Protein chains: 4
Amino acid sequence: MPKLGMEPIRRAALVEATIAELGAAGTLDITVSQIAKRAGMSSALAHHYFGGKEDIFAAAMQHILSELRQEGLDQLTRARHPIDRVRAIIEASFSPSSFDPDTINAWMLFYLMARTSPKAARLLRLYQSRLRTHLRHALRPISARPEADAETLAALIDGLYLRASLGRTGSAGEARAHANAVLEALLETST
Amino acid sequence: MPKLGMEPIRRAALVEATIAELGAAGTLDITVSQIAKRAGMSSALAHHYFGGKEDIFAAAMQHILSELRQEGLDQLTRARHPIDRVRAIIEASFSPSSFDPDTINAWMLFYLMARTSPKAARLLRLYQSRLRTHLRHALRPISARPEADAETLAALIDGLYLRASLGRTGSAGEARAHANAVLEALLETST
Amino acid sequence: MPKLGMEPIRRAALVEATIAELGAAGTLDITVSQIAKRAGMSSALAHHYFGGKEDIFAAAMQHILSELRQEGLDQLTRARHPIDRVRAIIEASFSPSSFDPDTINAWMLFYLMARTSPKAARLLRLYQSRLRTHLRHALRPISARPEADAETLAALIDGLYLRASLGRTGSAGEARAHANAVLEALLETST
Amino acid sequence: MPKLGMEPIRRAALVEATIAELGAAGTLDITVSQIAKRAGMSSALAHHYFGGKEDIFAAAMQHILSELRQEGLDQLTRARHPIDRVRAIIEASFSPSSFDPDTINAWMLFYLMARTSPKAARLLRLYQSRLRTHLRHALRPISARPEADAETLAALIDGLYLRASLGRTGSAGEARAHANAVLEALLETST
DNA sequence: AATGAATGAGGATTCATTCAT
DNA sequence: GATGAATGAATCCTCATTCAT
């Protein structure tokens, strides 16, 4: 019994399943069958809705990044004070939904994928430049070196993610604290 | 023309080839044949000298990490002033041999591997705890929060590596500058 | 042209092909590809339907043994007189379908396999104990040493198979005659 | 330090090692390296002294069979009475050195090998025909059907070996008893 | 005499992908 | 829309065998 409008549902299910599987496996070496099974369909159907494995991965990546970004924007728009805008970005980076183990694992995996898949590289680059832009804009009124400080904070956030993905620094709280501490320090020095 | 005592030579060649291949490919998905070919031997010989693929990878990882560590220790022992000791660690992290693109790529790949291979995880954990210990010791005399600052710097270094592996922040110089800037800032706030 | 419900067909084809290949080769050293080719499919499909090589072998063994047993049971149920029941078992052991060269070859190979594969060992043991039980029961009313005579006959049957597998004693008829002669002799001595 | 006259020593060591390895492994799937290692030399040397794997196996087989035969002849020559000659053959077949688990395992493996290797087949055939001849000669004065009885006894012995190789009938004593019982029975019927 | 070095060939197994139904 | 069927390509690994020393 063919159903109508199944496409978006199936695609969403596959994207979610991909992230979950990636997170659970900790490797990019997961099979299309595993993903399809977790999404409750045959691997053939997965191929039908996406062109191939790479496309599935790309969609999952896009999903993660856009969620990160969205979370950031929501908080950004609510921030009034300049420094609160920076804090909002940090906050978003370590929000429960962003700092979920599976997500963070998948994020790191995509970082890797970006080195081989142009599609993935483009997405990642886009996300990163957006993050940097936001940080720069927010830092301009309050930092003497907005450019450099933005870069520094971005790298720090990535590093904290990386360590979290290995299971080192446990809580999102600690990670957030580190990021805020550096923010404070950089701004104090700035003045 | 078989000579005697080939084993260490072959092993070294394979380790080097693994890092190069990993760096060039940007994936953990490289075959033993590729490695062996680059090292100028048959894949069977590679299996002969190492037990299997995982062992080859483990050896390559150990090589990278021990080089990082060695470089660090060499500089550490020459440092007299406390702050110079921290700078030495930063310096070592961004020295040409550590910041070589292939090496940095392989390093990141091993970070990934650590999530699946217990052997890799142990090695990485060892290296990280060593680095953190060195940082903590060096920071104790000069920082109000040596523990936290060490963690922050370690994360920052990892983040800078990560970005370098993607080809974002090009030069080692820039990376070093970022790290030193944060060091300065943290210490100033400390006082 | 994929049809539905291929699984049982494919499995049966593979089992049959395995026995034929084993019989033709005279070794356990046959490849999955050989089997698959003879069964008219790719080796990948063979792996798909069975877990792996060992499972294919186990299925083939089970097939042979269950056929032997079936043949025996059919004849057993028809036998009225005690001695006819023993003769029925002997008859079944040397019936054309059991004494087919390929089957007998495969049977011997499985005997070997039982020494390494626990799965095979269990199957063989099961078959053997069943045969011995049947023999014992049938011999009880007519032999003074049903236990020992059952064991002797079982060993003799195995020995005749073994020689047949080498191509020594050609016909099933001769083998049957030997077995019956011993049966007669044992019973006469019994009284 | 090259030694003189090493050849026979090395060959003997390899033959012995082959039987032991075969017995321990329970498969023909043993490697030349395993054999060589057990014999305390490199696999290259094993190839040097024998042409290849098949030759090593053939030599081991010849060794086993000639030992069986020798044991039999020794006892035969001591036997005075016709029936004692048959008993001597049975005795030899189940003597400790013939019924050693490793030997019996290897013997069975060679039975298998005979189906693929012409060399092995010839050896086995030779041994078997010799055994049958001896049995026939010994039975002639005392059996009405020396031909058939010889064949029966030979098959029974093989069957008892086969079962022993699987670990079913434990002791050599039991096996010997079965063989003797059949012998008695056949002779009684004969008269 | 003896061996470490080296390899080619081959085999089990996995997987992305396609196709007919 | 959905899937079981099917396969080719690729990969790791093992092993018998050869060769230079």
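We name chains A, B, ... by the order of the sequence lines, and we start the count at 1 in each one. All figures in this text were calculated on a predicted structure; none of them were measured in a lab.
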From CA spacing to verdict: side-chain contact (heavy atoms from CB on, under 4.5 Å), A:E7, A:H48: CA-CA 10 Å; A:E7 175 148 1; A:H48 175 69; over 6 Å; no

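At the heavy-atom level, A:F50 lies nowhere under 4.0 Å from the strands shown. If you check every strand for non-hydrogen atoms under 4.0 Å, C:S42 touches a base. Within the nucleic acid shown, A:H48 comes within 4.0 Å of sugar-phosphate atoms alone, with no base atom in reach, counting heavy atoms only. Nucleic acid contact class of C:I9 (heavy atoms, under 4.0 Å, all strands): none. Among the protein residues, B:I30 comes within range of the sugar-phosphate backbone only, with heavy atoms under 4.0 Å from sugar or phosphate atoms but none that close to a base.
Here the nucleotide nearest the side chain of C:A44, chosen from F:dG8, F:dC13, F:dA2, is F:dG8. Of the candidates F:dT3, E:dA16, F:dT7, E:dA16 carries the atom nearest the A:V32 side chain, counting heavy atoms from C-beta on. Comparing atom distances between the A:R10 side chain and each of E:dA5, F:dC15, F:dA2 picks out F:dA2 as nearest. Here the nucleotide nearest the side chain of B:E7, chosen from F:dA6, E:dA5, E:dA12, is E:dA5.
Each of C:I104, C:L28, C:D29, C:I19 was checked for a side chain to side chain contact (heavy atoms under 4.5 Å, CB included) with C:L109, and the lone residue meeting it is C:L28. For the side chain to side chain contact (heavy atoms under 4.5 Å, CB included) criterion with B:F110, the lone passing option out of B:L65, B:I64, B:L123 is B:I64.
Per the geometry, CD belonging to D:Q34 stands 8 Å off P belonging to F:dA16, to the nearest Å. Going from atom CD1 of C:I56 over to atom P of E:dA12 covers 9 Å, rounded to whole Å. Straight-line distance from the CG atom of C:D55 to the C1' atom of E:dT13: 12 Å, rounded to whole Å. In this structure, CG of B:L14 is placed 15 Å from C1' of F:dC12, rounded to the nearest angstrom. In this structure, C:K53 atom NZ and F:dC13 atom C1' are separated by 14 Å, rounded to whole Å. One can place NE2 of D:H47 at 17 Å from P of E:dA1, the figure rounded to the nearest angstrom. Computed from coordinates, the D:M6 CE to E:dT3 C1' distance equals 16 Å when rounded to whole Å. Taking atom CG of residue C:L45 and atom P of nucleotide F:dG4, one finds them 14 Å apart after rounding to whole Å.
Distance check: B:I35 CD1 to B:I30 CD1 gives 4.0 Å after rounding to the nearest 0.5 Å. Distance CE/D:M61 to CE/D:M113: 6.0 Å, rounded to 0.5 Å.
In this structure, D:S66 contributes its side chain and D:H63 its backbone to a donor-acceptor pair below 3.5 Å.
Base pairing of E:dA20 is made with F:dT3, judged by Watson-Crick or G-U wobble geometry with both donor-acceptor distances under 3.5 Å. When both distances must be under 3.5 Å, the Watson-Crick or G-U wobble mate of F:dA9 is E:dT14.
Side-chain N/O atoms of B:Y49 include one lying less than 4.0 angstrom from OP1 or OP2 on E:dA5.
Toward the 5' end of DNA chain E, the nearer of the two residues B:S43 and C:S43, judged by each one's closest nucleotide, is B:S43.
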